[in-house]
Asks: 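I'd like to ask some things about the structure below.
Computed from a predicted model, the values in this text were never measured in an experiment. Letters A, B, ... mirror the listed sequences (proteins, then strands); counts begin at 1.
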Number of protein chains: 2
Amino acid sequence: MPSNARILVMTTQTRRERERAQREQQIVAAARELAETEGWEAVTTRRLAAEIEYSQPVLYSHFKGKSAIMTAVAVQGFEELADEVRAARTAARGTRDALAAVATAYTDFARKRPALYDAMFTHAVDLSFASPNTPAHLRNGFDEILQAVEPLAADDDPGILTETFWASLHGLAMLERSGRLPADLRGHRLDLLIGRFAPEAT
Amino acid sequence: MPSNARILVMTTQTRRERERAQREQQIVAAARELAETEGWEAVTTRRLAAEIEYSQPVLYSHFKGKSAIMTAVAVQGFEELADEVRAARTAARGTRDALAAVATAYTDFARKRPALYDAMFTHAVDLSFASPNTPAHLRNGFDEILQAVEPLAADDDPGILTETFWASLHGLAMLERSGRLPADLRGHRLDLLIGRFAPEAT
DNA sequence: ATAGGTGATATAGCGACGCTAGCATAGCGG
DNA sequence: CCGCTATGCTAGCGTCGCTATATCACCTAT
């Protein structure tokens, strides 16, 4: 019977595709966990293969190469960063509070997930940005910051001001993480930055 | 004759030391040039050895490893960055102009020498910073920015404010270089940043 | 001038890396 | 039940940073 045969084929196909998708997620999860616990230099294709209990070449049937795996991890990171920034922003009351909450959430994310943040911004340069074909998850984080900055833009372009504020947060996160700024003054620096972008207590 | 012998030994010693120092500089220069023309991924120890026309192991009689060579390049970069920022600052008239000049000089440096800037901030994490034993060249650049920021500090701590401003410049430079901020709005972003740190036209 | 000693340089190789070619095998369709 | 497809494996290629060992040139002292 063709209909039964088709259904059978379909189900085994879907099962296989499901298993394939699961394994792909396993790879990404293993890469992320390994990077977060031992750093990206410990993430090798052999190590990843051992982690998912498959041989090394199967990675290349899922991803074009190691950098594609890192990019997949980065995409996960962008989703989570957007979530955390959104949560912080919506929980805040006033305009200035919202900006401070966003800034704190952002830098906290970078500090608490350094390997993930590295994948997003230091590696994975092939990820498109600020262009029409930018994936949605990549824009979401920016839009969250935009929401907090926009009320403070006054005569300035909100988008450009958001870019500037975002860059400041990124710079703070990067320099702090490499030990180039004293860690104990982190709160002071954030306060000063907020003060410059939201002068009056609103 | 012991005196003649000593003198002979000294001169050959000093000649050797001079040659050694020259070769060491050759290594650093080769690494820098190779990185600036083909990127750091093209800088391999074999490639460097070929460039200075010596065998690979001689590199390890000068430097502990490849990362030490990159650190040496980074130190050169810090010296030059400090020079350029100082030149820009001393050429400026008013307070706000000085801040703008410093900001432009800094981001221009990062944009025009991306490989050098990468060595300074993305690689070479082992370079000590913000600690008592920080080498002088590393502090000079910071002090230059401090000179421009200090008059604008008002009630805020000048050092912490400088750290914050510096981080903003660093973030702008990094995000622009990876294509995450549109290049054509670079001037706009700098203007907005300057406006936030030096509100009134002084 | 020459033998002895010392330091500097090169050859060769180690283990690990990202990645790929080619083979075996398991599971499907007819 | 047979043949095909495609999936995953073993093995290996070229390159990486780095090092152990050998060789050789040069300086010292007789």
Asks: Take atom OH of A:Tyr54 and atom P of C:dT25, then tell me their distance rounded to the nearest Å.
Replies: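 So the OH-P distance, A:Tyr54 to C:dT25, works out to 18 Å.
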Asks: Name all residues meeting the side-chain contact (heavy atoms from CB on, under 4.5 Å) criterion together with A:Ala115; count only those two or more places apart in sequence or in a different chain, and write none if there are none.
Replies: A:Ala35, A:Glu36, A:Trp40
Asks: Which residues satisfy the side-chain contact (heavy atoms from CB on, under 4.5 Å) test with B:Tyr54, sequence neighbours excluded?
Replies: B:Arg23, B:Ile52, B:Val58
Asks: How would you list all residue pairs meeting salt bridge (charged side-chain N to carboxylate O under 4.0 Å, His left out) that involve residues 168-179 of chain B, not counting sequence neighbours?
Replies: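 For residues 168-179 of chain B, and leaving out neighbouring residues, the salt bridge (charged side-chain N to carboxylate O under 4.0 Å, His left out) pairs sorted by first residue read B:Asp118-B:Arg177, B:Glu176-B:Arg189.
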Asks: Find the distance between CG (B:Leu59) and NZ (B:Lys64) and round it off to the nearest 0.5 Å.
Replies: 16.0 Å
Asks: Tell me every residue that passes side-chain contact (heavy atoms from CB on, under 4.5 Å) with B:Asp108, counting only those two or more places apart in sequence or in another chain.
Replies: B:Thr104, B:Arg111, B:Lys112, B:Arg186
Asks: Write out all pairs satisfying side chain to side chain donor-acceptor pair (under 3.5 Å) with one or both partners inside residues 147-160 of chain B, taking only residues at least two apart or from two chains.
Replies: A:Arg196-B:Asp156
Asks: Which angle, rounded to 10°, do you find between the first-five-pair axis and the last-five-pair axis of the helix from C:dA1-D:dT30 to C:dG30-D:dC1?
Replies: 20°
Asks: Identify, with sequence neighbours excluded, every residue that meets side-chain hydrogen bond (donor to acceptor under 3.5 Å, both in side chains) alongside A:Asp143.
Replies: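 A:Asp143 satisfies side-chain hydrogen bond (donor to acceptor under 3.5 Å, both in side chains) with no other residue.
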Asks: For the pair made of CD1 in A:Ile52 and P in D:dC9, what is the distance, rounded to whole Å?
Replies: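 Whole-Å distance recorded here is 9 Å.
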Asks: With sequence neighbours excluded, what pairs up with B:Glu80 under the side-chain hydrogen bond (donor to acceptor under 3.5 Å, both in side chains) test?
Replies: B:Arg32
Asks: Would you confirm whether the ring centroid of B:Phe121 sits within less than 6.0 angstrom of the ring centroid of B:Phe78?
Replies: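 Yes, close enough.
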Asks: According to side-chain hydrogen bond (donor to acceptor under 3.5 Å, both in side chains), who are the partners of B:Tyr117, at least two apart in sequence or on a separate chain?
Replies: B:Tyr106, B:His170
Asks: Check the distance between D:dG17's P and B:His62's NE2 and give it to me in whole angstrom.
Replies: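 Distance check: B:His62 NE2 to D:dG17 P gives 17 Å.
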Asks: Heavy atom of residues 27-37 of chain B under 4.0 Å from DNA chain D: which residues?
Replies: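 By residue number: none to list.
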Asks: Between atom CG in B:Leu48 and atom C1' in D:dC16, what is the gap in whole Å?
Replies: 13 Å
Asks: Any chance you could list the contact pattern along nucleotides 13-19 of chain C? Use B for base contacts, S for sugar-phosphate-only contacts and - for none, protein heavy atoms under 4.0 Å, 5' to 3'.
Replies: B---BBB
Asks: With sequence neighbours left out, write down each residue that passes side-chain contact (heavy atoms from CB on, under 4.5 Å) with A:Thr44, or none if nothing qualifies.
Replies: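 With sequence neighbours excluded, A:Thr44 shows a side-chain contact (heavy atoms from CB on, under 4.5 Å) to A:Arg46, A:Arg47, given in chain and number order.
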Asks: Atom CH2 of B:Trp40 and atom P of D:dC16: how far apart are they, to the nearest Å?
Replies: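 Rounded to whole Å, this separation is 15 Å.
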Asks: Output the rounded distance in Å from CD (B:Glu53) to P (C:dA10).
Replies: 11 Å
